[in-house]
Each structure stands twice: as C-alpha cells, then as structure tokens.
Protein chains: 2
Amino acid sequence: MRDSVEEAISLLGYVPNQAARSLVTRRSGSVALVISEPESEVFSDPFFATIVRGVGDELAELDLDLVLMMARHAGRHDRIVRYAHNGHVDGVLLLAMHGDDPLPGLLHSAGIPVVLGGRPVNLSDEWTFVDIDNVGGARLAVEHLLRRGCRRIATIAGPQDMGSGRARLGGYRTAIEAAGTQAEIIEYGDFSQAGGERAMRRLLETHPDVDAVFAASDRMALGAMTALKAAGRRIPGDVAVVGFDDSEASRFSEPPLTSVHQSTDEMSRRMVRLLQARMDGDQARTSVILPTHLVARSSS
Amino acid sequence: MRDSVEEAISLLGYVPNQAARSLVTRRSGSVALVISEPESEVFSDPFFATIVRGVGDELAELDLDLVLMMARHAGRHDRIVRYAHNGHVDGVLLLAMHGDDPLPGLLHSAGIPVVLGGRPVNLSDEWTFVDIDNVGGARLAVEHLLRRGCRRIATIAGPQDMGSGRARLGGYRTAIEAAGTQAEIIEYGDFSQAGGERAMRRLLETHPDVDAVFAASDRMALGAMTALKAAGRRIPGDVAVVGFDDSEASRFSEPPLTSVHQSTDEMSRRMVRLLQARMDGDQARTSVILPTHLVARSSS
DNA sequence: ATGAAAGCGCTAACAG
DNA sequence: CTGTTAGCGCTTTCAT
C-alpha cells in the first residue's frame, strides 16, 4: 500500500512544493552568502573560492541550500535585503564588509539571522562574526622579521575601510613600536596583486633601503615579489605575508618568504555553525577569533 | 487614506511573503545560474566572472534574482535538481557543460525552462543554447597564422568532453587540412594556465620546430607564453588564441599575439533573453551562435 | 494509531 | 471600480 504510493510518486515525478511548505513552516531551507565585492574581485581572490566551497559543504551537511550573491554596489543592497526579507533564505552570511556597509544593519533590523565573516570596522554589539587573528598574525610576521635582524621593515597595508586591513596594519605598528628600532614605513594597496606591485614600486623609490616587507595579503606579497624581480632588486631580509590559506601556500614557490597561515575551512565551518545557532533562536553574541600560525622558510 | 496604509507598512516593516505569493502565482522571481565546475575552477576563470556579472545585470533589469550554484561533482546534481524542481527558481541557466552531464536532461524532464551557455557535446534537439562561433573563431586564427607564412602550426586544444574544446580543435583541423601545407600537431590542456604551460613544454620537446601555436583558451595561451619565456625560446610565428573576452585582452601585454574576441556580455544578454522566452512558455528551439572577430597585433 | 480540518499569506476571479 | 472569497499545497493540531 505504501509502496504503491511511492511508486506513483516517482511515476508522476511528484516533488513537495517548497512554497507551500515554507508558508507554513516559515523556513526556506536555504542560506545566502553575500560578498560585498564586485564580481571581478570575487572571482580573482582565491580566498572566496575556498570559503564558498567550505560553506557549501557545511550547509549541504545540514541539508541547507547555498545561495551566492555579490553586492557589487549599493544598488544591489535593496535586492539582497528584499530577497532575504521575503523569506527566500533563513539566514545570511556576510563576507568582505567595507567600512560603513549598511547591509548588516538592514538585515539585522529586518530580523534576519546574520553572521559576518571578518570583524567589521564599525563593530556594533549585536553582530556575530568569525574572524582570524589578524592583529596577532601580523605581529607574528613582523616579530619574525625583527628577530632575523631586519631594521627597515616596511609594510604594504590593505584597505583601511576593512577590518582585516586595519587589523594587520595595527599588528605591524604594535610590533614595530615595541621593538623601538625603526620608524614605520607604510604603503597602501587594495589586497590585489597589481596593488601590491604598485606599492612595492613606490616603496623602492621612497625607501630604497628597506630590508624586509610585510604584505597584508598573499596577493600583495606576490605582487611585491614580482615588482622586486622586475626591478632586479633583492631585499636582504624577507617578504612576509598574512592572510594566507594553507591551500594557496604552494603559489609561493620561491623563498625567502615567511607566511602566516589561517584555516579558511575552519572559518567556513564556524560561520555556518554560528548561523545555525542564530537561526535556532540563539541570541547570544558569540563571535569567534581563530588563531593564525607562522610558517617561516629559510632564506636560500 | 492610502498614505496611512503606506505609513503603517513602513512602520511595521511589512514585506509581502514570497512563499505565499509563489504558492498562488507559481513563480518565484528568481533564476539559477549553474556552473558545472568545482569552485576552484569557477573562481579562477575570468570568463565566469564576466558572465555572472552580465547575467546578474540582465536579470536585475527584469526584476529577477540570480542564484548562483556550482556543481562540483555529481553529488550536487540532486541538490540542484531538487532546488529547481521545488519551485525555488523559474528557470535555469547552465554553463560549462561537460560531455555526458545529466543535469540538462534532469531539469528538462522536470519541466524546468533551461538555457545552455555553450553548445553541449551531445546536443539533443530539445536544448536551447547560446554559443559563440568556436569553429569559425579557431579557423580565423589559424588562417591568420597560415597567411603569415607559418608552416608548423601546433594547437593546444581544450578538453574534448566540452563543446568549446571540440569545436576549437575542429576549426584548427579544418584550416590545416584546407591549407594542405602541414600535418596536425596537437597537445591537450584543460583550459587552465598551468595546463597550457605543460602542453607547451611537451610541444617544445616533441616538436621543437613549431613556428606558431594556436591555443584554445586565453589562459592556456598565457601559460604557453610563460613556458616559452621560461625555456628561453621564441617561436618565429605567433601565438594565437580564442575564447577571449574584450575585457581580458589587456592581460596580453606583449606581442606577438593574435586573438579572437567574443562578447561575453552579449552572451549573457542572449541567454537571459532566451530563458525569459522559455519561461513565458515559448517552446521554440531558438539557439543562437554569436560571431567572433580576429584582432591581430603586429609582431615586434 | 489514522483521518479530518484549519490555516499559513497571498492572488485572482467574481460580485456588488 | 472597490470588496469579498475561494483556494494555491502543504503542516499541524485536534478528534476519532
């Protein structure tokens, strides 16, 4: 009897109507991952690929669907808020927030569970976020350079409207000040390889005597090394980098290079777990900061 | 009176319930863009970035939301079919189909409007697709090399389980045969830069006398040039490439290079338009093949 | 245990 | 043109 029904189901290709189900359960069974960057940026930063994969896997395990949205410009914000508010998704993961991004506020006041990836610059008490220890990571890298005897360590800092950019610069500053052996040398980039290249060129011009560079992202470090090679220059110390996932480490084939590693998979996992808690009604603010660790390669 | 209602709406933050609306209208207001590649691939090929942006813009104009899904492995197929079948989306755009991908069949038999980006290898009559003229583009490129006097033109072909890979190899073969001046020289890559590099190295080993290379993708061309430079080799003729969007052209800064351009934006536009037609009940099979054009740079 | 019925929030069709 | 109502396909509650 049950079998004959099952048979009919597959015969007619019956599938429960999600809209009807949502109407009564008030759940959609999907979660949005919103990245506050233009497509070109999203698709050129390997960090996002790893996060998307990780989050997708975690959600699949909970039988939740992943909806990926990119918020290139503010015009898209309305769409996204509407989409979430409509009941299309049960929660939102927000990545790569910039300074005064209104998105988390809008979503929050619409009563939608939100978890941020990366501590935002203007941290409001209500937010739940997952971040890696950017300050600590940067400090680790710079302290390593100091220990190696470098006394003219420059940094290629990231955008200062982003939490990670600020934190990494903060870590550099703390380490430099604590050492008391030199003044800060700072150039800014936008986390991209091209930005790192430009910053390195400026650095070589304004401070030709730098003996080490701390880059605030893997792609900027790559750019810095390209610029050094193109200029036929070597710096006696090292290029160090943070913001660097294990899986990407292989791109840096040639030493000298010291890097600070983070686990992007762990970040995905935590974000999903926190979101799930929020969706289950847990209102506790329980943000997480993940540790980083230094991987130093010996200079050739 | 109306005003007081509007006021109450914004006061209470009322938003129409999409589930209830869908239940009666049988429309969800969103469209899925499914890419049959793992995240790492999707996020490293600039082609996808451009398509996603283009499709997103086109859909926004029609007031439709874009849901991006990546089908890394077959395990994800069920999820995607279920997601679409559930009524979550009104239609599906499928990108980067591989040989025997069951996805279009599954979706089609579930009665979901589907438009393919790129002519699939096993083309069934029911499919609607948008493609660029890969055969013509490849022919164009190879004919150009022949016209320049090259007589040992190799190709770095793409994966043969993909329509574009096969078509571009087909165009190369047609041109070489028609000229009757040489035999085919073929190495295969996977459309990636690393694949192009490996293929070029094999080529230099097995056919050290090649005087031109036709690469079946921009990234493989980039890889080929890297391999050539690393080997300290120059080929007298040219490296030509297809599958190359205008916006990416700038990456190829150094001649000699001839490229065949396509308009990715136009492709996005057509895909969305065709899908819209299908969603409006138009059952006509009206696939589109977009023209390509050659851009030759003079050798330095 | 199994079965009947109410109702989720909206749209569309129909009356007034 | 405005107002009322049936019903979309489920889940959950309540009665049998």
Side-chain angles (χ1 to χ4, degrees), chain A residues 1-32 59-60 62-67 78-92 106-113 275-276 278-282, chain B residues 1-32 59-60 62-67 78-92 106-113 275-276 278-282:
Chain A
M1 186 163 301
R2 183 195 185 90
D3 285 354
S4 68
V5 175
E6 302 268 23
E7 197 184 310
I9 286 178
S10 65
L11 195 73
L12 303 174
Y14 166 84
V15 172
N17 181 318
Q18 178 60 32
R21 177 177 284 169
S22 286
L23 190 55
V24 50
T25 60
R26 334 208 105 248
R27 286 244 166 179
S28 69
S30 36
V31 162
L59 289 175
L62 301 174
D63 206 39
L64 289 167
D65 289 304
L66 170 62
V67 172
D78 300 343
R79 272 203 106 68
I80 288 168
V81 173
R82 196 188 66 186
Y83 191 84
H85 204 163
N86 265 347
H88 267 299
V89 294
D90 300 330
V92 175
L106 290 169
L107 292 168
H108 185 85
S109 59
I112 299 155
L275 186 65
Q276 195 193 7
R278 298 229 102 175
M279 296 189 322
D280 289 349
D282 184 350
Chain B
M1 188 162 302
R2 184 195 185 89
D3 286 354
S4 69
V5 175
E6 302 269 23
E7 198 183 309
I9 286 178
S10 64
L11 195 72
L12 303 175
Y14 166 84
V15 172
N17 181 318
Q18 179 60 31
R21 178 178 283 169
S22 287
L23 190 55
V24 48
T25 59
R26 335 208 105 251
R27 287 241 166 182
S28 70
S30 35
V31 163
L59 289 175
L62 301 174
D63 206 38
L64 289 168
D65 289 305
L66 171 61
V67 172
D78 300 343
R79 270 204 107 68
I80 288 168
V81 173
R82 195 189 68 186
Y83 191 83
H85 204 163
N86 264 347
H88 266 299
V89 294
D90 301 328
V92 175
L106 290 168
L107 292 169
H108 186 83
S109 60
I112 299 155
L275 185 64
Q276 194 193 9
R278 298 229 103 174
M279 294 190 323
D280 289 348
D282 184 352

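Lettering of chains follows the sequences in order, A, B, ..., and the numbering in each one begins at 1.
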Beyond-backbone contact of B/Tyr83 with A/Val67, side-chain heavy atoms, under 4.5 angstrom: yes
Decide yes or no for B/Asp63 and A/Arg79: does some side-chain heavy atom of the first lie under 4.5 Å from some side-chain heavy atom of the second? yes
Value in whole Å for how far the P atom of C/dC10 lies from CD of A/Gln18: 17 Å
For B/Asn86 and D/dC10, give me the distance from atom CG to atom C1', rounded to whole Å. 12 Å
Assess whether atom CD of B/Glu6 is packed by more than 12 heavy atoms of other residues, nucleotides or ligands within 6.0 Å. yes
For atom CG of B/Asn17 and atom C1' of C/dG9, their distance in whole Å: 6 Å
Gap between atoms CG and C1', on B/Leu23 and C/dG7 respectively (whole Å): 12 Å
Find the distance A/His85:NE2 to C/dG9:P and express it as a whole number of Å. 13 Å
Derivation and outcome, side-chain contact (heavy atoms from CB on, under 4.5 Å), residues B/Asp65 and A/Arg82: CA-CA 10 Å; B/Asp65 289 305; A/Arg82 196 188 66 186; 3.7 Å; yes
To the nearest Å, how far apart are A/Arg27 CZ and C/dG9 P? 16 Å
Where the side chain of B/Thr25 is defined as all heavy atoms beyond and including C-beta, which of C/dC10, C/dT11, D/dC10 is the nearest nucleotide? C/dT11
To the nearest angstrom, how far is A/Arg26 atom CZ from D/dC10 atom P? 18 Å
